[in-house]
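Report on the structure given below.
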Amino acid sequence: MKQEEYFKKLTAHAKEYGFVFQSSEIYDGLSAVYDYGQNGVELKNNIRNYWWKAMVQLQENIVGIDAAIFMHPTIWKASGHVDAFNDPLIDNKDSKKRYRADVLVEDYLAKIEDKINKEVERARKRFGESFDEQQFVTTNARVLEYTAQSKEIRNRLYAGMDANDMVSIKELIEDLGIVCPVSGTRNWTDVRQFNLMFSTKMGSVSEGASELYLRPETAQGIFVNYLNVQKTARMKIPFGIAQTGKAFRNEIVARQFIFRMREFEQMEMQFFVRPGEELKWFAYWKEERMKWHLSMGIPPEKFRFHDHEKLSHYANAATDIEFEFPFGFKELEGIHSRTDFDLEAHQKFSGKKLHYFDAELNQSYIPYVVETSIGLDRMFLAVLSYAYREEKLADGSERVVLMIPPMLAPVKAAILPLVAKDGLPEKAREIMDTLKYDFNCQYEEKDSIGRRYRRQDAIGTPYCITVDHQSLEDNTVTIRDRDSMNQERITIDKLTMAIAQKIRPQRI
RNA sequence: GCGGGCAUAGCUCAGUGGUAGAGCAUCAGCUUCCCAAGCUGAGGGCCGUGGGUUCGAACCCCAUUGCCCGCUCCA
């Protein structure tokens, strides 16, 4: 099956079986926002719980928090989001290419720099040994002209950027006669500002209300709480703080179903370490996180690392764990060595000392941070796109099955009376009433048994328990495995143990 | 944001100017039963939305919204 077709079928299946719905569908939908349905919410909760178990409950030196989505607006100045996420963009109408307007101007400036350098080199050749570069660049008429030009452009650019004056940046591009590198034309659209953060107002009256942002990442809630947690939990470095929660980004282009949404959920852990030891811990978490992914039984060839060469302003090492989605290998999780950038910035902006006293070293310092950050919705999509299968069976019939790892499956077991009479439903209800306290179960008596098996296959239920006439005689039932479709007969009192064992996570 | 494609029942789709259809699904009753489609009956659509052309529009035109693909962007 072609990948594109596969992805279409996957999204149709996700809707048809109550995993993912378009947000506000009856009002024509809301772009790049999705809702999770009755089965989707179970799968999502299971993924989140498994992550929490692995990253918090199984870790002696990691604790969790749940910070609010609203935070003090200065936090986003400190983190760099206010500045770094305001990109002025411009399109060339002929080539249909989009550029960052400030980058176009910067490129133009670079050309002027080149010209200056060429003048200098030419002069160096001409004057030989006696060449005084300093004197040349401060006296040569042509160089002075270039320098003045460059300075003026810079002034205009930075003034425009600081004032968020998009019109002046467009004028600057037009005045400079900058052409599109692809089409070579000056046929530009207006410069538009794309704000990656959603803003809102706090305060019931609009006058005097202060502008807030919906957080674009959960990490900052951890950083601003790091000393609270460290002190109240008596944490010693190295230690971690984990958090799951919603984040919001006003993506320019949001696409590919739930892969890139405007409202999404992150699962992050910030690990605080001694300065100088961050790369060791970066390597450690890189391996640990990959082990977590592989512990669910999805084959290793579906995953790969992608090390970043171009690093962002705060990181000194970064890698992605990529997953092979139906539309190719894409980022699923990021592991970053964030240095002391964030804590240093918060110390500066808040004026509060954010040092940690290390008793072993007898000194205090701002810890370095290694971050693991995974998109819950992306993990959901990864599991779903791995799980979706269309199988041809030996008898020539077909079935659609979601081979979701059993511990993540929305429904763990379906309890099915073979026929809806002869006392079988009553017996099945008894079993249901026992199992439902331990597992999410479904009871179904409508339609033929084969059809009920297929319905459960379609939502990924790993086990079907069938009550037949023999059950009434000897208290045994059959338990059917979703993937192999094989059945074995076991006594009813062993069911809880048998299922619990099958859905327990492996050692990570 | 640009270009292209798509939008008809819960799902998959047929229907190209003259009274909205099929299969599956759903619901009720009967029947059978260990791997999807037995019988009978029923419900469900102002054909994405808003305009226009026409005696008449699901169908032609314009706009708009959403989805998909490509470009672009992506700590």
Side-chain angles (χ1 to χ4, degrees), chain A residues 2-5 7-9 11-13 15-18 21-34 79-81 83-85 87 89-100 103 182 187 189-192 194 196 216-217 219 249-257 259-260 308 310-315 318 320 327 330-331 334-338 341-342 371 373 391 393-395 397-401 416-422 424 445-458 464-470 477-482 484-487 489:
Chain A
K2 273 172 61 187
Q3 291 207 319
E4 192 180 315
E5 190 190 341
F7 190 50
K8 277 214 167 93
K9 289 201 169 169
T11 54
H13 189 87
K15 182 188 175 190
E16 187 170 358
Y17 288 92
F21 304 124
Q22 167 90 52
S23 164
S24 318
E25 197 181 63
I26 63 169
Y27 289 98
D28 291 334
L30 186 62
S31 181
V33 183
Y34 291 88
S79 69
H81 286 81
D83 298 325
F85 275 138
D87 296 341
L89 298 180
I90 189 167
D91 294 313
N92 183 273
K93 289 176 188 166
D94 299 314
S95 65
K96 310 293 182 202
K97 296 284 176 190
R98 163 169 295 177
Y99 303 92
R100 270 179 55 178
V103 170
V182 174
N187 192 8
T189 64
D190 284 342
V191 177
R192 284 161 311 223
F194 288 84
L196 223 73
E217 65 174 21
R249 292 183 194 180
N250 211 351
E251 301 284 353
I252 302 161
V253 177
R255 277 283 174 74
Q256 278 148 337
F257 197 41
F259 183 79
R260 182 172 289 129
H308 288 205
K310 220 178 107 190
L311 296 170
S312 52
H313 59 282
Y314 58 70
D320 293 338
F327 39 85
K330 297 278 181 189
E331 177 180 355
I335 297 143
H336 299 124
S337 174
R338 292 181 79 127
F341 175 88
D342 298 280
E371 162 189 278
S373 173
E391 284 188 338
L393 301 172
D395 65 359
S397 67
E398 287 180 19
R399 73 164 181 162
V400 173
V401 55
L416 315 168
L418 184 62
V419 292
K421 58 178 184 183
D422 304 336
L424 299 188
E445 60 177 39
K446 194 171 158 41
D447 294 319
S448 74
I449 190 69
R451 186 190 290 255
R452 281 177 278 163
Y453 286 150
R454 297 301 172 85
R455 258 205 303 264
Q456 293 298 330
D457 287 342
C464 286
I465 293 155
T466 306
V467 176
D468 56 18
H469 292 90
Q470 190 183 329
V477 290
T478 59
I479 180 164
R480 168 189 181 269
D481 179 78
R482 175 195 66 202
S484 66
M485 297 166 67
N486 290 334
Q487 290 178 290
R489 185 168 281 277

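Within every chain, numbering begins at 1; the chains are lettered A, B, ... in the order of the sequence lines, protein sequences first and strands thereafter. Being a predicted model, the structure only gives us computed values, none of them experimental.
- Under the 3.5 Å distance criterion, the side-chain polar atoms of A:Arg452 are matched with a main-chain donor or acceptor of A:Pro417.
- Applying the Watson-Crick and G-U wobble criteria (two distances, each under 3.5 Å), B:G56 pairs with nothing in any strand.
- Distance check on atom P: B:A58 versus B:U16 gives 13 Å, rounded to whole Å.
- Put simply, the side chain of A:Asp468 gets close to the backbone of A:Gln470: a donor and an acceptor are under 3.5 Å apart.
- Counting heavy atoms from C-beta on, the side chains of A:His469 and A:Val419 come closer than 4.5 Å.
- Atom CZ in A:Phe327 sits roughly 14 Å away from atom P in B:C71 (whole-Å rounding).
- Rounded to whole Å, the distance from CZ on A:Phe21 to C1' on B:C11 is 13 Å.
- Nucleotide B:G70 forms a pair with B:C2, judged by Watson-Crick or G-U wobble geometry with both contacts under 3.5 Å.
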Contact string for nucleotides 26-39 of chain B, one letter per nucleotide 5' to 3', B = base within protein heavy-atom range under 4.0 Å, S = sugar-phosphate only, - = neither, reads SS----SBBBBS--
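- The same atom, C1', is picked in B:C59 and in B:A7; the two are 14 Å apart, to the nearest Å.
- The gap from the C1' atom of B:G29 to that of B:G23 amounts to 23 Å, rounded to the nearest Å.
- To the nearest angstrom, C1' of B:C73 lies 8 Å from CZ of A:Arg260.
- Of all nucleotides present, none satisfies the Watson-Crick or G-U wobble test against B:U19 with each distance under 3.5 Å.
- Of all non-hydrogen atoms in A:Arg249 and A:Pro216, the two that sit nearest each other are NE-O, 2.9 Å.
- Here the straight-line distance linking atom OG of A:Ser373 with atom CD of A:Glu331 works out to 8.0 Å at 0.5 Å rounding.
- Straight-line distance between the C1' atoms of B:C62 and B:G70: roughly 26 Å, to the nearest whole Å.
- In this entry the distance linking CZ of A:Phe257 with C1' of B:C69 reads 17 Å, nearest Å.
- Under 4.0 angstrom from either OP1 or OP2 of B:G10 there lies no side-chain N or O belonging to A:Lys15.
- Residue-to-nucleotide proximity on RNA chain B shows that, of A:Tyr34 and A:Glu371, the 5′-proximal contact is made by A:Tyr34.
- Pairing for B:C30 is with B:G38, a Watson-Crick or G-U wobble pair whose two hydrogen-bonding atom distances lie under 3.5 Å.
- One atom, CZ of A:Phe7, and another, P of B:C67, lie 12 Å apart when rounded to the nearest Å.
- Taking the P atom of each, B:U19 and B:U26 are spaced 32 Å apart, rounded to whole Å.
- Distance NZ (A:Lys330) to P (B:C73): 13 Å, rounded to an integer number of Å.
- Base pairing annotation: B:G44 forms no Watson-Crick or G-U wobble pair, as no partner gives both donor-acceptor distances under 3.5 Å.
- Side-chain contact between A:Arg399 and A:Leu393 is present, with at least one heavy-atom pair separated by less than 4.5 Å.
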Could you list the protein-to-nucleotides 63-66 of chain B atom pairs, N/O on both sides, closer than 3.5 Å?
| residue | atom | partner | partner atom | Å |
| --- | --- | --- | --- | --- |
| B:G66 | O4' | A:Asp28 | O | 3.0 |

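- Base pairing annotation: B:G50 forms a Watson-Crick or G-U wobble pair with B:C62, both donor-acceptor distances under 3.5 Å.
- Between the side chain of A:Arg454 and the main chain of A:Val400, no donor-acceptor pair closer than 3.5 Å is present.
- When the P atom of B:C68 is taken as reference, atom CZ of A:Phe259 falls 13 Å away, rounded to whole Å.
- Between A:Lys15 and A:Gln22 the shortest side-chain heavy-atom distance does not fall below 4.5 Å.
- For the atom pair A:Leu424 CG and A:Glu445 CD, the distance stands at 10.0 Å (nearest 0.5 Å).
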Query raised in the report: Which is it for A:Glu391 and A:Asp457 under the side-chain contact (heavy atoms from CB on, under 4.5 Å) test, yes or no, and what are the steps along the way?
Result: CA-CA 11 Å; A:Glu391 284 188 338; A:Asp457 287 342; over 6 Å; no
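- Distance noted for atom C1' between B:C46 and B:A20: 11 Å (whole Å).
- Residue A:Arg489 is tested with A:Thr478, A:Thr466, A:Val477, A:Ile479 for a side chain to side chain contact (heavy atoms under 4.5 Å, CB included); the sole match is A:Thr478.
- Side-chain atoms of A:Arg249 and base atoms of B:C74 include no donor and acceptor less than 3.5 Å apart.
- Nucleotides B:G4 and B:C74 place their P atoms 25 Å apart, quoted to the nearest Å.
- Judged by Watson-Crick or G-U wobble contacts below 3.5 Å, the nucleotide B:C24 has B:G10 as its partner.
- Between B:G44 and B:G10, the distance separating the two C1' atoms is 9 Å to the nearest Å.
- Here B:U12 presents its P atom at 7 Å from CD of A:Glu16, a figure rounded to the nearest Å.
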